[in-house]
Amino acid sequence: MRRLGPIGTVIAIIAAVLILGGGGYGAHEFTTQDHFCASCHAYEKTSWDHSDHSDVGCLDCHTKGFTYDKVQGARKVWLTLTGQVNPHNDPLPTYPEETSQNCVDCHMTGEIGEEQPFFIARHERYMERVSTCQACHDSGHDKRLQRMKR
Ligand code: HEC
Ligand code: HEC
Ligand code: HEC
Ligand code: HEC
């Protein structure tokens, strides 16, 4: 594990605060863009480019609400700046149910229900057996590319 000296630590804290909080609206805009995520998650960017969802933003699937995202984001900047991470081995999302709810918000809308009632009915049956959409669908990342990093 690489350690920052005291000055490095102070710079890291200031950077984290500026990026995630102190900068206000501008910082929020910046940190919610796909290329910000991609600056740390290069593998996921590639497997996402080759998925069915390359037009869907990272945060459309990966959010658990504003406060959680910011706290988790600050922690991640901290871990990265202090060299405590292995980018080749990110953990799986810690909140699969919320991710699944984000899928529902796009794919199970009232409008789709009217156009394709049988699609919804079939899926209600599918969901009786599993707890998330990801149990059956590849979703945001090409599985083969994603596996290559492990
Ligand atoms: C400063 C580098 C950095 C940036 C920028 C970043 N991440 Fe991460 N991300 C990490 C690190 C480090 C981890 C592993 C955290 C851990 O070990 O708990 C991680 C883990 C994750 C995970 C899996 C664990 C979890 O909490 O669900 C997801 C999903 C994720 N990031 C999505 C994103 C998205 C979406 C963005 C853009 C809004 C983003 N990341 C921006 C460094 C970053
Ligand atoms: C922001 C909205 C949004 C979110 C969130 C979202 N999707 Fe999608 N999804 C789309 C769009 C747009 C397409 C491309 C539609 C197309 O090509 O017909 C798509 C395509 C798909 C397809 C392929 C459909 C086909 O016609 O082949 C599947 C399966 C799918 N999504 C499942 C999921 C799952 C599972 C999740 C959650 C992990 C999810 N989606 C999250 C918007 C979304
Ligand atoms: C038990 C497995 C299973 C689960 C769980 C599941 N699906 Fe599916 N999904 C399928 C199958 C099989 C199809 C193709 C046949 C059909 O439409 O029923 C499909 C088709 C789709 C399609 C494409 C429809 C099209 O026009 O091609 C979308 C979008 C989709 N699912 C989204 C979701 C979402 C969102 C969830 C979570 C609420 C989900 N699925 C959960 C098995 C599953
Ligand atoms: C359509 C939804 C969707 C989109 C868009 C999406 N992801 Fe994911 N992502 C997922 C799901 C679902 C998983 C969990 C995969 C699994 O369960 O095997 C995941 C996993 C991850 C992980 C955990 C590491 C791993 O190997 O699984 C990271 C990090 C991540 N995504 C980052 C991103 C980034 C960065 C973007 C944008 C460039 C992005 N995701 C776009 C749905 C999505």
Side-chain angles (χ1 to χ4, degrees), residues 1-2 4 12-13 15-21 23-150:
M1 198 198 310
R2 194 169 57 85
L4 295 176
I13 293 173
V17 169
L18 279 180
I19 291 172
L20 290 144
Y25 184 70
H28 174 68
E29 282 286 279
F30 177 73
T31 57
T32 49
Q33 282 170 15
D34 296 337
H35 56 76
F36 174 70
C37 313
S39 68
C40 290
H41 294 298
Y43 284 97
E44 284 75 21
K45 165 81 166 66
T46 307
S47 59
W48 168 72
D49 280 338
H50 290 85
S51 78
D52 289 326
H53 287 96
S54 51
D55 293 333
V56 174
C58 311
L59 275 175
D60 289 331
C61 290
H62 291 298
T63 179
K64 195 185 173 184
F66 183 82
T67 310
Y68 178 91
D69 289 356
K70 291 295 167 198
V71 172
Q72 185 66 2
R75 184 177 150 264
K76 284 165 38 171
V77 170
W78 170 254
L79 288 175
T80 306
L81 288 173
T82 53
Q84 299 183 57
V85 285
N86 174 2
H88 299 275
N89 197 18
D90 286 337
L92 286 172
T94 42
Y95 42 90
E97 276 81 15
E98 282 79 4
T99 299
S100 190
Q101 188 54 47
N102 295 333
C103 317
V104 169
D105 290 345
C106 279
H107 285 291
M108 310 281 166
T109 58
E111 199 184 324
I112 292 173
E114 271 168 38
E115 283 167 16
Q116 307 177 51
F118 299 114
F119 166 72
I120 303 287
R122 278 197 303 277
H123 272 76
E124 275 165 7
R125 283 204 303 282
Y126 297 152
M127 293 305 286
E128 284 166 11
R129 274 171 269 141
V130 293
S131 53
T132 65
C133 312
Q134 303 92 289
C136 294
H137 291 289
D138 251 17
S139 70
H141 305 270
D142 181 313
K143 274 262 157 47
R144 279 162 310 161
L145 287 176
Q146 195 59 22
R147 267 200 299 272
M148 279 168 67
K149 80 171 190 181
R150 294 219 160 91

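Every heavy atom of this structure was used, including side-chain atoms; hydrogens, water molecules and symmetry mates were not. In each ligand, atom 1 is the first atom listed, and ligand 1 is the first ligand listed.
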Could you measure the distance from the [atom1] atom of [X] to the [atom2] atom of [Y]? Nearest 0.5 Å is fine.
| X | Y | atom1 | atom2 | result |
| --- | --- | --- | --- | --- |
| Q146 | W48 | CD | CH2 | 13.0 Å |
| E97 | S131 | CD | OG | 5.0 Å |
| Q33 | C58 | CD | SG | 10.5 Å |
| D142 | S54 | CG | OG | 11.0 Å |
| C103 | M108 | SG | CE | 8.5 Å |
| D60 | T99 | CG | OG1 | 11.5 Å |

- How far apart are the closest heavy atoms of Q134 and P96, and which atoms are they? NE2-O, 3.3 Å
- Query: Considering all heavy atoms of both residues, which atom of C133 and which atom of M127 are nearest to each other, and what is their separation?
  - Reply: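 That would be N-CE, 4.0 Å.
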- Test side chain to side chain donor-acceptor pair (under 3.5 Å) applied to K64 and T94, step by step: CA-CA 10 Å; K64 195 185 173 184; T94 42; over 6 Å; no
- Task: Would you mind running through ligand 2 and noting each atom that sits below 4.0 Å from a heavy atom of D60?
- Result: 1 (C), 5 (C)
- Message: Restricting to N/O/S atoms, is C58 within less than 2.8 Å of atom 8 (Fe) of ligand 4 or not?
- Response: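 It does not: C58 brings no N, O or S atom closer than 2.8 Å to atom 8 (Fe) of ligand 4.
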- Backbone or side-chain N or O of H62 under 3.5 Å from ligand 4 N or O: yes
- Query: Under 3.5 Å, N or O to N or O, is S139 touching ligand 4 that way?
  - Reply: no
- Return the orientation label for the H123 and Y126 ring planes: parallel under 30°, perpendicular over 60°, tilted otherwise. perpendicular
- Task: May I ask you to decide if the ring planes of H62 and H141 are parallel, tilted or perpendicular, using 30° and 60° as cut-offs?
- Result: tilted
- Heteroatom of H141 nearest to atom 8 (Fe) of ligand 4 (N, O or S, atom name):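 Answer by atom name: NE2.
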Give me the residue, atom name and distance of the protein heavy atom closest to [atom].
| atom | value |
| --- | --- |
| atom 4 (C) of ligand 2 | C106 SG, 3.3 Å |
| atom 23 (C) of ligand 3 | F119 CE1, 4.2 Å |
| atom 24 (C) of ligand 2 | D52 OD2, 4.9 Å |

- Item | Contacts of F118 that satisfy ring pair (Phe, Tyr, Trp, His ring centres under 6.0 Å) - sequence neighbours left out |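 In terms of ring pair (Phe, Tyr, Trp, His ring centres under 6.0 Å), with neighbours along the sequence ignored, F118 is linked to no residue.
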Protein heavy atom under 4.0 angstrom of [atom], is there one?
| atom | value |
| --- | --- |
| atom 27 (O) of ligand 3 | no |
| atom 18 (O) of ligand 2 | no |
| atom 15 (C) of ligand 2 | no |
| atom 8 (Fe) of ligand 2 | yes |

- CA sep, side-chain torsions, deciding dist, call: T109, E111, side chain to side chain donor-acceptor pair (under 3.5 Å): CA-CA 5 Å; T109 58; E111 199 184 324; 5.3 Å; no
- Might you work through the side chain to side chain contact (heavy atoms under 4.5 Å, CB included) test for T46 and H50, ending with a clear yes or no? CA-CA 7 Å; T46 307; H50 290 85; 4.3 Å; yes
Go through ligand 3 atom by atom and flag the ones less than 4.0 Å from a non-hydrogen atom of [X].
| X | answer |
| --- | --- |
| V104 | 38 (C) |
| M127 | 5 (C), 37 (C), 38 (C), 41 (C) |
| R122 | 16 (C), 17 (O), 18 (O) |
| V130 | 5 (C) |

- Which atom, counting only N, O or S, brings H53 closest to atom 8 (Fe) of ligand 2?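 The nearest such atom is NE2.
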- Message: Can you tell me if E115 has over 12 outside heavy atoms packed within less than 6.0 Å of its CD?
- Response: yes
- Query: Does D55 come within less than 4.0 angstrom of ligand 2, counting non-hydrogen atoms of the residue?
  - Reply: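 For ligand 2, residue contact (heavy atoms, under 4.0 Å) with D55 is absent.
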- Could you please tell me which protein N, O or S atoms lie under 2.8 Å from atom 8 (Fe) of ligand 3?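 Protein N, O or S atoms closer than 2.8 Å to atom 8 (Fe) of ligand 3: H123 NE2, H137 NE2.
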- A student checking ligand 4 against P93 at a 4.0 Å heavy-atom cut-off should list atoms 13 (C), 14 (C), 19 (C), 20 (C), 23 (C)
- Quick note on ligand 4: atoms under 4.0 Å from a heavy atom of C37 include exactly 35 (C)
Which is closest to [atom] in terms of heavy atoms, [options]?
| atom | options | result |
| --- | --- | --- |
| atom 11 (C) of ligand 2 | T132, V56, T109 | V56 |
| atom 36 (C) of ligand 2 | C103, P96, G57, S54 | C103 |
| atom 30 (C) of ligand 4 | K143, E44, Q33 | E44 |

- Item | Candidate pair N102 and T63, rule side chain to side chain contact (heavy atoms under 4.5 Å, CB included), full reasoning | CA-CA 8 Å; N102 295 333; T63 179; 3.6 Å; yes
- Are any of the heavy atoms in D34 under 4.0 Å away from ligand 4? no
- Do D105 and Q101 come within less than 4.5 Å of each other through their side chains, counting heavy atoms only? yes
- Message: For a side chain to side chain contact (heavy atoms under 4.5 Å, CB included) check, start with the C-alpha distance between L145 and D49, then their side-chain angles and the critical distance, and finish with the verdict.
- Response: CA-CA 10 Å; L145 287 176; D49 280 338; over 6 Å; no
